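Side chains included, hydrogens not; waters and symmetry mates left out as well; all remaining heavy atoms used. Atoms within a ligand are numbered from 1 in the order they appear, just like the ligands themselves. Computed from a predicted model, the values in this text were never measured in an experiment.
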Amino acid sequence: MKTSRRHFLAGSAAVSTGVSFPFHLAMAAPSDLHARPGTAQIAPAKYAPTKIWGYEGHVPGPVLRVKQGERLIRRFVNELPQPSTIHWHGIRIDNAMDGVPGMTQEAVPTGGSFLYDFVAPDAGTYWYHPHNRTWEQLARGLYGALIVEESEPPETDRDEVLLIDDWRLAEDASIAENFGAMHDWSHGGRLGNWLTVNGNGDYRLAVKQHERLRLRLINTSNARILSVQLRQMSGWVIALDGQPLEAPEPAETITLAPAQRADLIVDILAPDGGEAFLASAEGDSGYAIATFTVTGSARSETQAVPSPLPPNPVAPLPAADTLSSARVTDLKMEGGAMGRMGSAMMGGKMMGIRDLVGQGKAWSFNGMADMPAKPLLSAARGETIRIRMINETAWPHAMHLHGHHFRQLLADGKTGPLRDTLLVNRGETAEIAVVADNPGDWLLHCHMVEHSAAGMMTWFRVS
Ligand code: C2O
Ligand code: CU
């Protein structure tokens, strides 16, 4: 069954794209991507390696690269002791490939497999992670980068992917097993005590002075909001959540909520023998997230401001008058510690906060603490919808829309950059607009993954 489907797809693509594959390529088995337990030296060498779960047993998993418009085909093989799926975060994907258990597919059981096969329409920096028990599986190390290359990438000396993760380790550097801790779920989520870049707690890269790098930052933390600054290097933000900015913006403090990405172009300023840093802006002096050690020099001076990346084929928002008459749906966010939520609907009945907490729920969207049977909204394909996210909690939330990129509507008719995840601060109301042009059922949830598990999850339908 799987074999014939794969052959059929390979054959049909060769016809529909007009590309003729050499016979052996068209018939080649798709590569596998295994989720399995492994070990990783994420803590300093004096500790034993940490037992993790990773794609191909590594953390991060392999960097998957495709060219814009190409297909990615991977047979996901689950060798974990629990069911899992892969969600391709930020890809405007065919709904059937979105990896949401109970919605777009069944969770893949231990020993099972699932063929993911999709086209990546937009160039940029994306990532993949499980969408089942994400609060445990992501925290154990299941994530990797998915890079969709521009047909003409910007000129840099190199392109580096930096997956930044926040681990909660016990004293022996094993992963703290208190995944379901209700205190975390009702506060800021599972915050860790050990930061890594590409699975390394002391991430270093050897560079040259005046070398120009593209850095693709990906925040894979369960819940930590990162605040990143450049030291001894200058740089520009060229894309957010995979989507190019209209013009590069000087990189000052870059906020990366869970799941958010930023593409930077940086020029190393530190001299031969010196160091440059990506530093956390937390605290007075901050600490190094990544260290760039400088040997020699790439050229005699820094280069000009980079040009913008070419835009992706995302449908533009309609003109102001049409946009202002677009349908608005409210999404009221309530609950959490120091919140006022006294009760919410769960499983179709109204429940008090104590009972909700007993069921692992602490938050609600529009008064509902579990996935509603009915969608938040149903849109006709191509309709522009507006969602007003009203954060009545005492916590920030990283709101993520599946299958689409949206813009925030700002004051004076301005709009924010295209994003797939937006940080909505405590007490804030943020309105987004999106052209709902990707048919299917799509999630809208907080990407602080404990919050989504504890109630901050809903969905919308595009038909
Ligand atoms: Cu990155 Cu619904 O997820
Ligand atoms: Cu949240």
Side-chain angles (χ1 to χ4, degrees), residues 55 60-61 84-93 95 97-105 107 124-139 142-146 163 165 184-191 218-225 241-242 256-261 331-339 341 361-365 369 371 376 389-406 419-428 430 438 440-460:
Y55 293 108
S84 191
T85 62
I86 302 184
H87 170 59
W88 310 91
H89 183 115
I91 301 285
R92 296 187 300 124
I93 206 166
N95 190 243
M97 297 290 124
D98 201 38
V100 179
M103 189 164 207
T104 66
Q105 68 173 91
T125 301
Y126 304 93
W127 65 300
Y128 59 97
H129 64 75
H131 222 292
N132 193 47
R133 292 176 67 89
T134 319
W135 38 276
E136 173 178 358
Q137 296 188 2
L138 184 62
L142 284 162
Y143 57 80
L146 169 54
L163 297 116
D165 196 9
D184 296 335
W185 288 38
S186 61
H187 289 70
R190 179 182 169 97
L191 297 171
I218 307 176
N219 184 357
T220 66
S221 306
N222 278 40
R224 184 172 298 279
I225 301 167
D241 294 352
L256 285 177
Q260 288 185 328
R261 287 90 65 212
L331 181 66
K332 195 159 134 186
M333 303 144 76
E334 290 179 292
M338 294 167 284
M341 183 174 93
K361 301 292 177 190
W363 309 87
S364 67
F365 277 171
M371 262 286 269
L376 173 72
M389 303 188 288
I390 308 154
N391 183 354
E392 296 196 343
T393 78
W395 302 88
H397 300 287
M399 299 296 289
H400 172 47
L401 203 67
H402 281 215
H404 296 78
H405 278 75
F406 55 81
R419 300 216 74 134
D420 60 49
T421 306
L422 181 71
L423 188 62
V424 183
N425 286 310
R426 53 185 291 180
E428 187 191 349
N438 196 358
D441 291 346
W442 303 104
L443 291 180
L444 166 54
H445 65 88
C446 178
H447 218 290
M448 284 135 174
V449 292
E450 290 73 29
H451 290 176
S452 55
M456 304 196 103
M457 175 97 83
T458 187
W459 62 288
F460 65 105

**Student:** Looking only at N, O or S atoms, find the one in His131 nearest to atom 2 (Cu) of ligand 1 and name it.
**Tutor:** NE2
**Student:** Quick check on atom 2 (Cu) of ligand 1: does His445 put an N/O/S atom closer than 2.8 Å to it?
**Tutor:** yes
**Student:** Provide the atom name of the closest N, O or S atom of His397 relative to the Cu ion (ligand 2).
**Tutor:**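 Going through the N, O and S atoms of His397 one by one, ND1 ends up nearest to the Cu ion (ligand 2).
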**Student:** Between Phe460 and His404, does the ring centroid distance fall short of 6.0 Å?
**Tutor:** yes
**Student:** Fit a plane to each ring of His445 and His402, take the angle between them on a 0 to 90° scale, and name the class: parallel (under 30°), tilted (30 to 60°) or perpendicular (over 60°).
**Tutor:**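 Ring orientation of His445 relative to His402: perpendicular.
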**Student:** Looking only at N, O or S atoms, find the one in His89 nearest to atom 1 (Cu) of ligand 1 and name it.
**Tutor:** ND1
**Student:** Looking at His451, pick out the N, O or S atom nearest to the Cu ion (ligand 2) and give its name.
**Tutor:**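 Atom name of the closest N, O or S in His451: ND1.
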**Student:** Could you tell me whether the side chain of His405 and the main chain of Asp241 form a donor-acceptor pair under 3.5 Å?
**Tutor:**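 Flag set: sc His405 to bb Asp241 pair under 3.5 Å.
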**Student:** Treating Arg261 as the side-chain partner and Ala259 as the backbone partner, does any N or O pair qualify as donor plus acceptor under 3.5 Å?
**Tutor:**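 Looks like yes, one N/O pair under 3.5 Å.
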**Student:** Looking at atom 2 (Cu) of ligand 1, is there an N, O or S atom belonging to His400 that lies under 2.8 Å away from it?
**Tutor:**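 No.
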**Student:** Can you give me the NE2-atom 1 (Cu) of ligand 1-NE2 angle for His447 and His129, to 10°?
**Tutor:** 110°
**Student:** Between Asn391 (side chain only) and Met333 (backbone N and O only), is there a donor and an acceptor less than 3.5 Å apart?
**Tutor:**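 Pair absent, no side-chain N/O of Asn391 close to backbone of Met333.
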**Student:** With no hydrogens and no angle check, is any side-chain donor or acceptor of His451 less than 3.5 Å from a backbone partner on His187?
**Tutor:**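 Confirmed, His451 side chain pairs with His187 backbone.
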